[in-house]
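Any value given below was found using the heavy atoms of this structure, including those in side chains, with hydrogens, waters and symmetry copies removed. Just so we're clear, the structure is a prediction, and the values are computed from it rather than from any experiment.
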Amino acid sequence: MNKPTRTPADRPIGDIEPVFEFRGDMPTGVTVASDGRIFINFPRWGGEVPYTVAEIRDGKIVPYPDATINKFDQKRPGETLGSVQSVVVDPANRLWILDTAAPSFSTPVPGGAKLVAIDLATNKVVKTIVLAPTSVLKTTYINDVRFDLRKGKAGVAYITDSSVSGPGAIIVVDLDSGESWRKLSGHASTSPDPAFVPVIEGETLAIRETGKPPQPFTVASDGIALSADGATLYYCPLSSRHLFSVPTALLLDKSATEAEVAAAVIDLGEKGASDGLEADDKGRIYAGDYERNSIRQRQTDGEWKTIAHDPRILWPDTLSVAGGYLYFTANQLHRQPQFHEGRDLREKPYTLFRVKIDAGPVLLK
């Protein structure tokens, strides 16, 4: 029998460029400033994790803004960083740090869940907003954040609550007063899809402990993105393949009832299973697809296009648009020990990639 000289195989799509390799702690969030500065965060999910926020500078990882603030002090939870899940540069050239204050997914330390703004011109903290206990519940895990600086006196932030044990939600924050409130708390669109069964690298993703039956890994609203005009918020539970949208006007209206907000939610259909979301200034939405090792782009007509597909895209986590590129971390989250009966299947390095998109970030200022 003649053997083929080449066996057909899955084709890669797009050209992903490695930007940085992480040989230590596992990153989740990435954000890139307009001048090219890159910031990363490392949540304290286990191990030492000496600093939870860093800048990639001259090929090295440097604690940011300094090592002192990165040493969590439970006696000063509002002034030190506990476990940061996301970092985002806003249109005013400030780095916002989203601190869960929930190391190892514990109950958030009272007074510790917060937004911290650092002026990138001075590398100094210029604002800290500790989120109210009415917004950050005992089950809350604040995950990702987007900004519209045109609303109110100083702008607003939208945050996803990606709880694994309680209601998901969108948390809205007034950046002037620091007031915050929950919307769509426990709504189906911010909750795990009960029929969702993720399959990654050929295996069903589930919490697996030796001697115990597998348990579903259920995570609420996670990815978040703002439309180019700021009128629409896009979001998705991590445990779902659907994209949802809601008018931001209803999220900002504290008097709008839950029924009114819920009635305005639109299920935009399947996009693949995503961790991070992002948008660009051309009206397109980006979503990781962690089941298919891919990055997808939603066109303005609603059709999805795969712009990157590669076996190296092992759990695309956070996305960031800057300088005509989409940056994203690939951190092998699904290979963590809790999914494999205590065996850590992650392989160093974790990688920051980018892919050309010919667009800029959404800047609402």
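In this structure, Lys271 is not positioned above the aromatic face of Trp304 in the sense of NZ or CZ being under 6.0 Å from the six-membered ring centre and within 45° of the axis. In this structure, Arg208 forms no cation-pi arrangement with Phe339, as its terminal cationic atom is not both closer than 6.0 Å to the ring centre and no more than 45° off the ring axis.
Asp275 is not listed as a side-chain neighbour of Thr318, based on a closest heavy-atom distance of 4.5 Å or more. Residues Leu81 and Phe72 are not in side-chain contact: their nearest non-hydrogen atoms beyond the backbone lie 4.5 Å or more apart. Using a 4.5 Å heavy-atom cutoff, the side chains of Val136 and Thr100 are not in contact. By the 4.5 Å heavy-atom criterion applied to side chains, Ile224 and Leu277 are not counted as neighbours.
Checking each of Lys356, Arg354, Arg312 against Glu17 for a salt bridge (Lys or Arg N to Asp or Glu O under 4.0 Å) leaves exactly one that passes, namely Arg354.
Annotation: Asp66, atom CG; neighbour count of heavy atoms from other residues, nucleotides and ligands within 6.0 Å is above 12. By the neighbour-count criterion of 12 heavy atoms within 6.0 Å, atom CD of Gln74 is sparsely surrounded, having that number or fewer from other residues, nucleotides or ligands.
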Next on the checklist: Quick one, Val261 with Val246, criterion side chain to side chain contact (heavy atoms under 4.5 Å, CB included). Give me CA distance, side-chain angles, the key distance, then yes/no.
Outcome noted: CA-CA 8 Å; Val261 182; Val246 67; 4.0 Å; yes
Next on the checklist: Apply ring pair (Phe, Tyr, Trp, His ring centres under 6.0 Å) to residues Phe39 and Tyr64 and explain how you reach the verdict.
Outcome noted: CA-CA 8 Å; Phe39 301 91; Tyr64 190 83; 4.9 Å; yes
Checklist entry - What's the verdict on salt bridge (charged side-chain N to carboxylate O under 4.0 Å, His left out) for Asp73 and Lys71, showing C-alpha distance, side-chain angles and the deciding distance? => result CA-CA 6 Å; Asp73 183 350; Lys71 294 177 182 177; over 6 Å; no
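The main-chain N or O of Pro237 is never found under 3.5 Å from a side-chain atom of Ser240 such that the two would form a donor-acceptor pair.
Minimum interatomic distance between His309 and Arg11 (heavy atoms only, all atoms of both residues): CD2-O, 3.2 Å.
Salt-bridge formation is detected for the pair Glu55/Arg37: a Lys NZ or Arg NE/NH1/NH2 atom is positioned less than 4.0 Å from an Asp or Glu carboxylate oxygen. Ionic pairing of Asp119 and Lys124 is not present here: no N-O contact between side-chain nitrogen and carboxylate oxygen is shorter than 4.0 angstrom.
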Which side-chain N or O atoms in residues 22-30 pair as donor and acceptor under 3.5 Å with protein atoms at least two apart or in another chain?
residue: Arg23; atom: NH2; partner: Glu21; partner atom: OE1; Å: 2.7
residue: Thr28; atom: OG1; partner: Asn41; partner atom: ND2; Å: 2.8
residue: Thr28; atom: OG1; partner: Gln85; partner atom: O; Å: 3.3

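In this structure, Tyr234 has its ring center no closer than 6.0 Å to that of Phe244.
With 3.5 Å as the limit, one finds a donor-acceptor pair spanning the side chains of Asp253 and Ser255.
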